[in-house]
Structures are given as structure tokens and as C-alpha cells.
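Written out below as C-alpha cells is the structure these notes cover.
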Amino acid sequence: MSPQIRSVLVANRGEIARRVFRTCRELGIRTVAVHSDADAGAPFVAEADLAVRLAGDAPADTYLRGDLVVDAALRSGADAVHPGYGFLSENAAFARQVLAAGLVWIGPDPDTIEQMGSKIRAKELMAEAGVPILRVDPGTATQDDFPLLVKASAGGGGRGMRVVAAPDQLDGELARAAAEAESAFGDPTVFVEPYLPTARHIEVQVLADRHGTCWVLGDRDCSIQRRHQKVVEEAPAPDVSDAVRAALHDAARAAVRAVDYVGAGTVELLVSDAHLDSGRAWFLEMNTRLQVEHPVTEAVFGLDLVAQQIAIAEGAALGDEPAGPHGHAIEVRLYAEDPADDWQPQTGAVRTFEVPTGPGLRVDSGIESGSVVGIHYDAMIAKIVAHGADRRTALRRLVDALRRTRIHGVRTNLDFLQAILSDEEFTAARVHTALLDQRLEAWTRPHLDAAALQRTAIAAALAEASAAAAGARVLARIPAAYRNVPSQPRTRSYEPDLTVHYGAGLVQHDLEGVSVVEATPGRVVLDVDGVRETYDVRVGEGWVDVDGPLGPVDLVPLPRFVDPADVVAAGSLLAPMPAAVVAVPVQDGQQVARGDVIVVLEAMKMQHTIAAPTDGVVTQLSATPGSQVESGAVLAVIEATEPTGDQP
């Protein structure tokens, strides 16, 4: 057995770093965090016993510097490195650096990582092991083979991935996919496989030691995906026949044997007709690390996979395979993004982040109230998990937890997640990889009742008025919202497009059947046709946060009078979020056409193009490459030109 691990450095950030630290504390192991300058104040840094700054001018790339991470481990006295997921977790060269420094690597052997790191090589190995694979030779593909899916060999996350509908599109999509793969992963190699739009994405969790024992810890369904990124995961995969489930588990065991796998890993498969005994499964890839969705497996097996990883790294042998699974677990990924605005990542200070606790609920999060979501990293801010005796119970618990979640300061996909979990197709477990695209309009359609939203605004206005009255030092006896002309109630307007009216004594005037039961600076109770609604309200400089029957609602009070200095010039192009300016391909005074790229921004690993909305001339150019801009900043001004007579 290897020496006992006493101190672990986590070569990662955010929620996975906090999750590994939690297990280390339970095991009595000292923890070490590494961080970029952008993460210096993050919760995971504060929770570690020791923290080491990773030097570098580019925060987005700091965690990819294996030499800096190994140096941090040696300087902090760590004797082991846990890679988490993402960043360097599947980098064989980094694993070798860790081992060469005399440190324990909490992960599979570097050679295994290397073998599975190439999807093409991984498929070849699985085919040799008798595991079914999907593969098409693009040079001999016929019309009957389409649609096809082009994929990057060296990466994931949907980059370098293209769906090809017809033969005449194949060459162009191969070239575009190769270029994207080269940019994202430094390797332009791509391959082609059949595209099965209504198949299911099911993965199998494995755990193997150095003594020949392999556990298959059930399966997870990950079919609810947006742009090939998982959104909802659950274990065990629902509505799968015994024959197909046995085939999935057999394929996972064969994959482990084929590469002498050690540690925690995941075998991902594409499955058609999973509910039938005649269903088929094909190998997609093997992830040589812990998965983001590992908590659902932990919930149904009652295991701590990180503790098992550490034990295996110390040389321990696994015992008998645990019985299970027990019950059902579902996980959703909470992202700082705006589904109503083309999924733009959101940044800013999180004023409130509270998720209910209770039986069967778990939250793994990289943030807390007061955290700042920046522009440099992935938009996922938390995973919310519910476990129950069966799928129905787990689903009900998760829906209720999301309904009672309070998050303010940044927009999120919280409503979107609730819409997915409430959809009849999902509740009936009729899931597949194209379901999200098919139901996207319904799941992103604004569902807030106008009258209920109006009552939320009334609660905000009454709380603001109460706060103002409570803080009054002059004429303090005059009632809140007093008007010396009673026929004219007070008006308060908010973004998004809400105006309410109320009068002296906090008697509101907007909605029939609604009366005020209580109004204080932090709490408003309304009676709506005999039903009481309670609103918790927090008022700050330029914001009002309301938690009520609609869930969390962020309102921005509009000034009664507009400062001329705040009015931007016509034709101004504004930054949609805080971001770094990557490129400015135009010059001041340049003639541009509608759709021409004016500025390219980068936020949360994604590039965003700001284009000219009309033909015109660039009359002001404020953005410069390499600079940082805040949300709403003027990037450029386009002065529209009159259309010529020959234009339609």
C-alpha cells in the first residue's frame, strides 16, 4: 500500500474544489487550493487550509499551467494532487508531471488517460474488446448514411461538433469542424459517425482498483442536453429494459479491462430503443475522471466517490461490489445565463444565493451570497440534487427545491430548469438527446402571470415606501406615499416594464380584489381574493429583490427624472455583459454595412460578436483590444447612412 495521504492539492476551482475539500475534511486530510487572481476571493479559496496563487496575466489559462500547479503542491507541502474535472484532469502530460515530482496522482495511469484522450483511438480499442462502436468513413459515405455527426477527436463540450444533413455539406462541415478543433484543443483531427437524434445518452460509472476488482456503479441518463452540454442527469437511467441495462454494464466492464483502468471513470454510450429488449448501445467515449454528475450515483449507492478515489490512490483494495441502486436521484445544473437572450452568460455580484436544505437534497456550488460571477470561467454556478425512494419522489423534491431557491444579482436558467422538470415528456421519462431542441420554445417561453408579476411590483413599491418612511428624519409623522392631492396616487416604475400606483397609508390602487395586509421594509403580505401571498423584499441602491409566489424576481427601479448624462447617443453599440475585448476589426470613420463585425468580446470562455445593426459610418470607437468593459458600456457608435435610390 502507498503511504497514507496527508495533504491534497486540488488542481481546480469552484464547486468541484469545494466538493473534494469536503471529503478531505471528513477524512482528516489537509487541503490546498490554487487560484488565479480573479478567484482570490472565491469561497473555495477561503475554505482550503492553504492557498497558493498561480501567477499569470490571463486568468482563463492560469489553471492550465501544470508546472505552476506542481510547484504549488511542492511549496505547500501537499503529497497528492486531485485534478477534479475539466482543466488538466484528462491531461496525461500533467499526470506524469505530478508523478515525476514524487506526488501521488489521484486518478488513472497517464497511459490510460492518453489512450482514452483520443476518441478515435478509444473507439479502436473498444472495437478490439468487442464493444459496439459507431463509425462512418466519410470517403465512402452514401446518401443512406446521413445525417452524420462530425466530432473532434481530442476534446468535448460540443466544440468541433457538426451535424451534416446531406452529402454536399460534408466537406465544408469537416473543414469547419477541424478548424474549430484546432482552435479549441490544438488538434484538428476529426471523425464521423452516424447521427441518431432520438437516441439516449446513457453513461455507466465504474470504479477499479490495482488488485483486479472493478465495480459497476449503475448508470445515469444524460439525454437532456443543450448544444451537447448536459443540463439534467439522473440515476438510474429510467425506462431501460433489463437486457439493455445488462449490455451497458457489460460494455463498461469490457472497457475497463481493455485499458487496465484504475480509479473512478465513466463509460458513455448512445442507446436506441432503450426500453426494448432489442435496444442497442454503442460506445461514445470514456471519461478518465470524476464526472460533473457523479452526485446522483453517490446518492443512489450511498457512496463517496472522492473518498474511494483517495483510497485507491493509497493502494487500497475494493471489497465486494455494493448492492443497489437504492431509490432515484436527479441533478440539474444551474447556470448564470439568460435563456431569453440567446443564452448569453451573465456576470456580476450575487446578492443572495439560498437553496433549501432538507431530506434528500444536496447542493454543490461554487458561489455563495456575496460572490462575484466573473467573465473568465464556465457559467455553471451550482448543481442541485434530489434523492427519493423513487423517481416521482425525487422529481417532486427537486421541483420544490427549485421553486424555493433564492438567487438575486445575476440572471440564471432557474425558470428553464423548472420548465424541463414539469414537462410531461420528461415526467414520463420519454427523454432523448433531441428533446430539448424540440421543446425549447415551450421551455423558454415567458410563463409569469402578468397579474402576479404586477403584485410582485406592488410588493416592491410598498416595501420601498415603508423603508423610506422608516428612515425619515424630517416630517416623520407623514404617512408613506402621502400626496396632498389624494386623487393622484404615487407612481413607481421598474424594469422589466412594470408600473404600479399606490397611495397614503400604503393602500394600493392597481388591482381589484387585492388588499394590503402588512407592509414593512422587508416583508409585504397581500390578500388576493381571500388568499394571502407573502413577499420577502430586500431594497438596495438601484435594485429591489423580491421572493414571493413567483420565486426570485429582480427589479430595477427607474428614476423619475432622467439625467441627460445617462442618455447614450443614437446608434450606440453597448456591451451586453462585462467582458474582455478580443478584437476590433474596424476603425473610426470607417464605412460599414449591416451585419459587419464591429467588436468581438469574450466572456466565460465564449466569444460574442457585436455587429453593425445598419449600414453606416463608425463615428466613435471606444473599445480597444485587450481592454475590459462593463455591461452597458458604449463600444462604438454607428451613424446610419441614407439608403441609395437603387436599394429595394
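Position 1 is the first residue of the sequence; numbering continues from there. None of the values given here were measured: they were computed from a predicted structure. Both backbone and side-chain heavy atoms feed into the values below; hydrogens, waters and symmetry mates do not.
In this structure a side-chain-to-backbone donor-acceptor pair under 3.5 Å is missing from Lys151 to Glu193. When atom types are taken as modelled, the side chain of Ser272 and the backbone of Ala199 share no donor-acceptor pair closer than 3.5 angstrom. Under the 3.5 Å distance criterion, the side-chain polar atoms of Asn413 are left unmatched by any main-chain donor or acceptor of Glu337.
Across every non-hydrogen atom of Ile312 and Ala208, the tightest pair is CD1-O, 3.4 Å. Nearest approach of His211 to Gly315, heavy atoms of both residues: NE2-O, 2.9 Å. Across all their heavy atoms, Tyr261 and Asn287 have their closest contact at OH-O, 4.1 Å. The two atoms that bring Ala379 and Pro345 nearest to each other are CB-CB, 4.5 Å, heavy atoms only.
Aromatic ring centres of Trp443 and Phe426 lie farther apart than the 6.0 Å criterion allows. Between Trp343 and Tyr335, a ring centre-to-centre spacing not shorter than 6.0 Å is recorded.
Surrounding CG of Asp390 are more than 12 heavy atoms belonging to other residues, nucleotides or ligands, all under 6.0 Å away. Other residues, nucleotides and ligands contribute at most 12 non-hydrogen atoms within 6.0 Å of the CZ atom of Arg392. Residue Arg6 qualifies as open at atom CZ: its count of foreign heavy atoms under 6.0 Å is 12 or below.
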Trace of the side-chain contact (heavy atoms from CB on, under 4.5 Å) decision for Arg210 with Asp109: CA-CA 11 Å; Arg210 294 192 177 279; Asp109 293 336; 2.6 Å; yes
Step-by-step side chain to side chain donor-acceptor pair (under 3.5 Å) determination, Arg227 to Gln225: CA-CA 6 Å; Arg227 297 174 182 171; Gln225 302 177 7; over 6 Å; no
Chi angles and distances behind the side-chain contact (heavy atoms from CB on, under 4.5 Å) call for Asp273, Arg280: CA-CA 7 Å; Asp273 298 322; Arg280 299 184 63 192; over 6 Å; no
Test side-chain contact (heavy atoms from CB on, under 4.5 Å) applied to Thr433 and Leu196, step by step: CA-CA 9 Å; Thr433 55; Leu196 306 176; over 6 Å; no
From CA spacing to verdict: side chain to side chain donor-acceptor pair (under 3.5 Å), Asp219, His249: CA-CA 8 Å; Asp219 40 71; His249 296 185; 2.8 Å; yes
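Note: Phe44 and Tyr63 have tilted aromatic rings, judged against thresholds of 30 and 60 degrees for the angle between ring planes.
Side-chain contact check for His294 and Arg19: at least one donor-acceptor pair (N or O, by modelled atom type) lies under 3.5 Å. Counted by atom type alone, Thr23 and Asp304 present one or more donor-acceptor pairs between their side chains at under 3.5 Å.
Contact check on Arg220 versus Glu203 returns a salt bridge, with a Lys/Arg side-chain nitrogen under 4.0 Å from an Asp/Glu carboxylate oxygen. Note on Glu354 versus Arg404: no salt bridge recorded, every NZ/NE/NH1/NH2 to OD/OE distance being 4.0 Å or above.
Under the salt bridge (Lys or Arg N to Asp or Glu O under 4.0 Å) criterion, the residue pairs touching residues 59-70 are Arg65-Asp67, with sequence neighbours excluded.
For Phe301, the ring pair (Phe, Tyr, Trp, His ring centres under 6.0 Å) criterion is met by no residue, not counting sequence neighbours.
We find the CD-OG1 distance between Glu233 and Thr297 to be 10.0 Å, quoted to the nearest 0.5 Å. Within the model, atoms OG1 of Thr31 and NE2 of His82 stand 13.0 Å from one another, a figure rounded to the nearest 0.5 Å.
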